[in-house]
Amino acid sequence: MTTADTTPTRDFIRQAVADDLESGRFKPPVVTRFPPEPNAYLHIGHAKAVGISYRIAKEFAGQFHLRFDDTNPTKEEQEYIDAIKEDLRWLGIDWGDHEYHASDYFDQLYGWAIKLIEAGKAYVDDQTGDQIRGGRGTLTSPGTNSPFRDRSVQENLDLFKRMKAGEFPNGSHVLRAKIDMASPNLNMRDPVMYRVLHETHPRTADAWCIYPMYDYAHGQSDSIESITHSLCSMEFEDHRPLYEWFINELGIFPTRQIEFARGNITYMFTSKRRMAELIDKGHVTGFDDPRMPTLRGLRRRGYIPASIRRFWEEAGVAKRENNIEFAKLESVLRDDLNKTAPRRMAVLDPLKVVITNYPDGQVEQMDCINNPEDPDAGTRKVPFCAELYIEREDFMEDAPKKFFRLAPGKEVRLRSAYWIKCEDVIKDDAGNIVELRCTYDPQTRGGSNPPDGRKVKGTLHWVSANHAVDAQVRLYEHLFTAEDPTTPPKGSDDWLDNLNPESLKVLDGVKLEPSLSDAQVDVTYQFERMGYFCLDSKDATADAPVFNRTITLKDAWAKMQKKGG
RNA sequence: UGGCCCAUGGUGUAAUUGGUAGCACGAGUGGUUCUGAUCCACUUAGUCGGGGUUCGAGUCCCUGUGGGCCAGCCA
């Protein structure tokens, strides 16, 4: 479909996978996985991570697994498991029947822990959290051994079994790997493997009261599933030695972990904590607010999944810190939408136009092209009569020479309809323009050029006043005015001072062409000359349609005006 | 007085693994157009500094500088 689809670039990960196949380090199939923790909604950053693993599995004719990393029941809920699956399906990710849960492996993990205890590689520590922290040392100084480090295997076995049996309260005991308290890598300073958590788990309910830590669960889960390449973000680089330590000590399938940099995007953020703050303080309506960086938010906003996928594919993968311009996302979105979005006409800020020489009471059904980029999209009928609405900004009383739209005495084309000429401007007592009187040229039906060779520069969209459907339209812009929203502006210590007060503008009394009353959720339309819009999946009703602006069209005229001052 | 990772136009990312620095976005100019959209053409601008190895270095080595990550019983 796109260049990126047919000729994937050989980034360092794909290169490594190819090398591993060639060297025989791994036999096919290549197996990858996406391991979300079910404690939050997926956001655009997750789309990068899934995309990488998913596509690599596809490109190497391998397998892709979805695995929920559900090892901490204090934070995880079934609601998120369901939401994550829904969002992934929307994104176009198909994991077949390869859905797994770290909790599926609790028995196996427990067995391996016993094995490590028996091998003298793990011990039960009775210290408090503070004591353990204190013993860990600092970045620049080594830690000290726990006083419980040299317990006998028998005693460790007994204690660990009693931990599992529920004899101890939360925080009283942990199982630790016996590695090296002086390691320069803090992850190797006797990391905690299990903690006591008397908590109901969304899947295992009350079967367990001890739960494995990420470091003890992740590598082994990968190994159990024969994941060949476990792709994760850079912050896990320091964990790789520990990941490999467990795999080596256990002598199990040696998954290779490879780290890549997360993708940052200007004007966006992905922290769950910050999302919650925005919701709590009422700056957005929820995790699915169309301004949110969540997949649900983007979906409700009208983003299409193909664009999100392609955006990340074109952005590429590397290990360095990055900050991708939001404009890149917009460019991909616009490109996809331009090719696929059905065109419609809607007048956001209506100005009444009366065509004085058009037969009274006559209605014509004009043929309008649904998508000039796609002949198969066909045409539709749009009613035309003597009373219309045009966009208020498409008329100027004192128009500069570069203004191609309507002005007193000037002629323009109404898209797919007729050419009209402005003959008169009607104002109210306050001097506001309330109506335009125009004449039309019957020889320009369908918008075609008249036989006399007259030229016209502007083409306007319009809606029949007698047939229009009223709607609310929500205009969205960046939620933040700063490229890096999380850094407070100068002189402030609150990142919320970066909020864009204009991120949402609500327009009521918008006039839609009648066909839009059949608008479908999850279809993004182009309102010609105005941008891309979609029906709001939450607030729209049959009687009161609500549309969200996904993104504007590029606007050379606005740019020119801005430059001209 | 730690460890690990990273450094290519404004942004993101390539470079046949030591052999012509390319692509995309952005920005700019012109053309086309029944969307001031799309499309087309052209222009713009880069290997962090200093050494070294080599016939040849973005690529290898040393060093400096800059940036990121790590001290949860989170993932």
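We use all heavy atoms of the structure for the numbers below, so side chains are in, but hydrogens, waters and symmetry mates are not. Residue numbering restarts at 1 for every chain, and letters A, B, ... go by the order of the sequence lines.
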Strand partner of B:U1, provided both Watson-Crick or wobble distances fall under 3.5 Å: none

Using a heavy-atom cut-off of 4.0 Å across all strands, would you classify A:I324 as base, sugar-phosphate, or nothing? sugar-phosphate

Give A:M530 one of three labels, base, sugar-phosphate or nothing, depending on what nucleic acid heavy atoms sit under 4.0 Å from its own. nothing

Counting only distance, no hydrogens or angles, is the base of B:A75 paired donor-acceptor with the side chain of A:H239 under 3.5 Å? yes

Over 60° means perpendicular and under 30° means parallel, so tell me whether A:H201 and A:F106 are parallel, tilted or perpendicular. perpendicular

Can you check whether any acceptor in the base of B:G36 is under 3.5 Å from a donor in the side chain of A:R529, or vice versa? no

Any donor-acceptor pair under 3.5 Å joining the side chain of A:E235 to the base of B:G68? no

Determine the Euclidean distance between corresponding C1' atoms of B:U11 and B:U44; express it in Å to zero decimal places. 15 Å

Pick base, sugar-phosphate or nothing for A:V174, based on heavy-atom distances below 4.0 Å to the nucleic acid. base

So if I take every side-chain heavy atom of A:L553 and compare against B:G28, B:U35, B:C69, which nucleotide ends up nearest? B:U35

Syn within 90° of 0, anti beyond: B:G28 is anti

Any donor-acceptor N/O pair under 3.5 Å between B:U13 base and A:E314 side chain: no

Any donor-acceptor N/O pair under 3.5 Å between B:U35 base and A:R343 side chain: yes

Integer angstrom distance from the P of B:U8 to that of B:G67: 14 Å

Could you tell me whether A:Q526 contacts a base, only the sugar-phosphate backbone, or nothing, with contacts defined as non-hydrogen atoms closer than 4.0 Å? base

May I ask which nucleotide in the shown strands pairs with B:G66, Watson-Crick or G-U wobble, both distances under 3.5 Å? B:C6

Would you indicate what A:F403 reaches in the nucleic acid, counting non-hydrogen atoms under 4.0 angstrom: base, sugar-phosphate, or nothing? base

What's A:N323 touching, base or sugar-phosphate or nothing? Going by heavy atoms closer than 4.0 Å. sugar-phosphate

Does a side chain donor of either A:E477 or A:Y267 reach within less than 3.5 Å of an acceptor in the other side chain? no

Using Watson-Crick or G-U wobble geometry with both distances under 3.5 Å, which nucleotide pairs with B:U43? B:A27

Which glycosidic conformation, syn or anti, is assigned to B:U65 if syn requires a torsion within 90° of zero? anti

Interatomic distance, CH2@A:W462 vs CD@A:E513, rounded to 0.5 Å, equals 8.0 Å

B:G10 and B:C48, which share atom name P, separated by this distance in whole Å: 12 Å

Euclidean distance, atom CD of residue A:E321 to atom C1' of B:C6 [Å, nearest integer]: 9 Å

Nucleotide forming a Watson-Crick or wobble pair with B:U35, both distances under 3.5 Å: none

Strictly below 4.0 Å, N to O, side chains only: are A:R256 and A:D19 in salt-bridge contact? no

Ring of A:Y214 versus six-membered ring of B:A75: centres under 5.5 Å and planes under 30°? no

Just by modelled atom types, is the A:A341 backbone N or O under 3.5 Å from a matching donor or acceptor in the A:R343 side chain? yes

